[in-house]
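Everything below concerns the one structure shown next.
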Amino acid sequence: MQKIVDDNRLIYAYQKACRDELKYGCSFATFSADPDIGCRIRFHSPESAAALWDGQKGRIRSGMAIIDTAADESDLTLQPSVINFYTDRAVWTLTRIGDRWSARCFPHIMGRPLMEPLVWDATSDKPFGRSRLKEPIRNLIDGYVRTLADAAIAVEFSTAPQKYILGVTDKQYDLITGDKFRQYVGAILAATTNPETGQNPVFGQLPQGNISPHIEMVRLLATQFSAATGLTVTDTGVVNDANPTSSDAILAQSQTLVLMAEQLNRGNGSALETIARMAMAISGHKSLDALTEDEKNVVAQFRNPAMPSVSVTADAAIKIASAREGFSSTDTFLEMIGFDQADIRRIKAQEQRVRGMKVLEEVENEDKQTAVGQLRGTPPEGEPEGSQPDAEIYS
């Protein structure tokens with residue numbers, strides 16, 4: 001299974017599939033035999049794959065996926081060139097060459113379509129799930145974009161406040177209105193007394209615009225978005241510097257998101273176990289029923305979504321090791337104290353190397369003791385003590 005994971009870059013591919021799953025409600029994994037790596041696993045979004053649900057069996061009845069595309073000679077747009085159709089007994093490969101399509105049938109013994117969905121927030125009416133970006137969330141996103149656009153316009157107007165001048169002559173009025181940009185950027189604005197009224201011109205400026213209402217609107221939208229998605233307000237980019245939030249308060253706010261992540265892991269964990277079993281069956285050229293008990297018992301492992309600190313998990317691991325004998329020698333113990341899989345493999349290899357060196361040292365010591373005993377005339381093991389060893393043998 002580890003070879004299948006490495007050859008298909010399954011962890012990285014799963015991360016991309018999760019994004020599509022949360023965006024569209026589901027994503028699909030498809031399988032195909034590969035002479036080089038045994039089994040090829042590919043993930044598809046609903047933009048390039050579709051399936052029919054079998055309510056009686058609780059799985060996909062049949063499905064299709066676009067495997068490859070090619071540029072169309074007429075308008076240079078990408079068009080499907082290879083499509084796979086998955087049924088319980090075979091995989092049909094449809095290939096387009098020019099304007100003609102050809103079909104080939106590849107039977108299999110899996111007993112179910114070589115296609116498995118990753119589903120988020122499924123219901124009885126929608127077995128393929130629902131998008132995490134529901135209509136209320138999309139409306140909040142639209143409101144956020146609209147508010148930012150209004151704020152950008154308000155900033156431009158606030159940097160150029162409206163000014164006025166009263167009591168000017170007609171000639172002065174024409175000069176001022178004829179070149180408004182120069183009047184705005186000029187450092188000095190001069191005007192003579194109005195000869196008709198004998199009064200000096202009056203200069204003034206209207207109150208400058210304020211963008212505070214737009215900022216408050218962004219905060220309101222961020223709060224509503226946080227409530228709708230489970231994110232903390234800090235995750236939306238709104239930070240309250242006047243009263244910083246404590247780490248415990250932030251953890252309490254993210255509890256909803258942690259529960260949603262656990263829900264996602266439970267659903268995807270079951271799908272990943274099915275994906276692993278089908279991949280091992282295809283790689284071993286056998287059916288699901290022919291898998292060994294170890295292959296059937298494969299499980300999906302996820303990191304704790306709460307992301308506790310290393311000190312907290314290490315303390316818990318040490319307490320468990322003190323109460324449960326042998327726990328400190330397991331990989332789970334090393335994971336809890338902060339080591340990843342690469343570090344665990346290196347630790348295990350070096351420990352095995354040290355054990356091997358100790359065995360060699362013990363063997364060498366036994367050989368030396370045997371040689372010394374032979375030189376002193378000590379009878380070898382299994383020979384009676386009263387017997388005299390042959391001097392030629394032990395000389």
query = Which pairs, with at least one residue in residues 351-367 and sequence neighbours excluded, count as a side-chain hydrogen bond (donor to acceptor under 3.5 Å, both in side chains)?
reply = none

Hydrophobic cluster (4.5 angstrom, side-chain heavy atoms) - remaining members for Leu22 = Trp120, Met260, Leu264

query = Closest heavy-atom contact between Met280 and Val298?
reply = CE-CG1, 4.0 Å

key: side-chain contact (heavy atoms from CB on, under 4.5 Å) against Leu166, all qualifying residues, sequence neighbours excluded   = Tyr164, Val202

query = When Ile, Leu, Val, Met, Phe, Trp and Tyr are grouped by side-chain heavy atoms lying under 4.5 Å apart, directly or through other members, which residues fall in the same group as Tyr24?
reply = none

query = If you look only at pairs with a residue in residues 296-327, which of them pass as a ring-ring contact (aromatic ring centres under 6.0 Å, His included), with sequence neighbours excluded?
reply = Phe327-Phe333

ask   = Going by the side-chain hydrogen bond (donor to acceptor under 3.5 Å, both in side chains) test, which pairs reach into residues 52-64, not counting sequence neighbours?
value = Arg59-Asp88

ask   = Within a strict 4.5 Å, meaning less than it, do heavy atoms of the Phe43 and Leu10 side chains meet?
value = yes

task = Please examine the side chains of Asn265 and Glu262, heavy atoms only from C-beta on, and report whether any two atoms are closer than 4.5 Å.
result = no

remark   = Taken in chain and number order and not counting sequence neighbours, the residues that satisfy side-chain contact (heavy atoms from CB on, under 4.5 Å) with Ala103 are Trp92, Leu94

ask   = Transitive ILVMFWY cluster of Ile211 at side-chain heavy atoms under 4.5 Å: who else is in it?
value = Val155, Ile215

key: side-chain contact (heavy atoms from CB on, under 4.5 Å) against Ala33, all qualifying residues, sequence neighbours excluded   = Ile282

Min side-chain heavy-atom separation Ile41-Ile4 under 4.5 Å = yes

ask   = Can you list the residues that meet the side-chain contact (heavy atoms from CB on, under 4.5 Å) rule with Ile153, with sequence neighbours excluded?
value = Phe157

Residues in salt bridge (charged side-chain N to carboxylate O under 4.0 Å, His left out) contact with Asp121, at least two apart in sequence or another chain = Arg130, Lys134

ask   = What salt bridge (Lys or Arg N to Asp or Glu O under 4.0 Å) pairs are there with at least one residue in residues 291-317, not counting sequence neighbours?
value = Lys286-Glu295, Asp315-Lys319

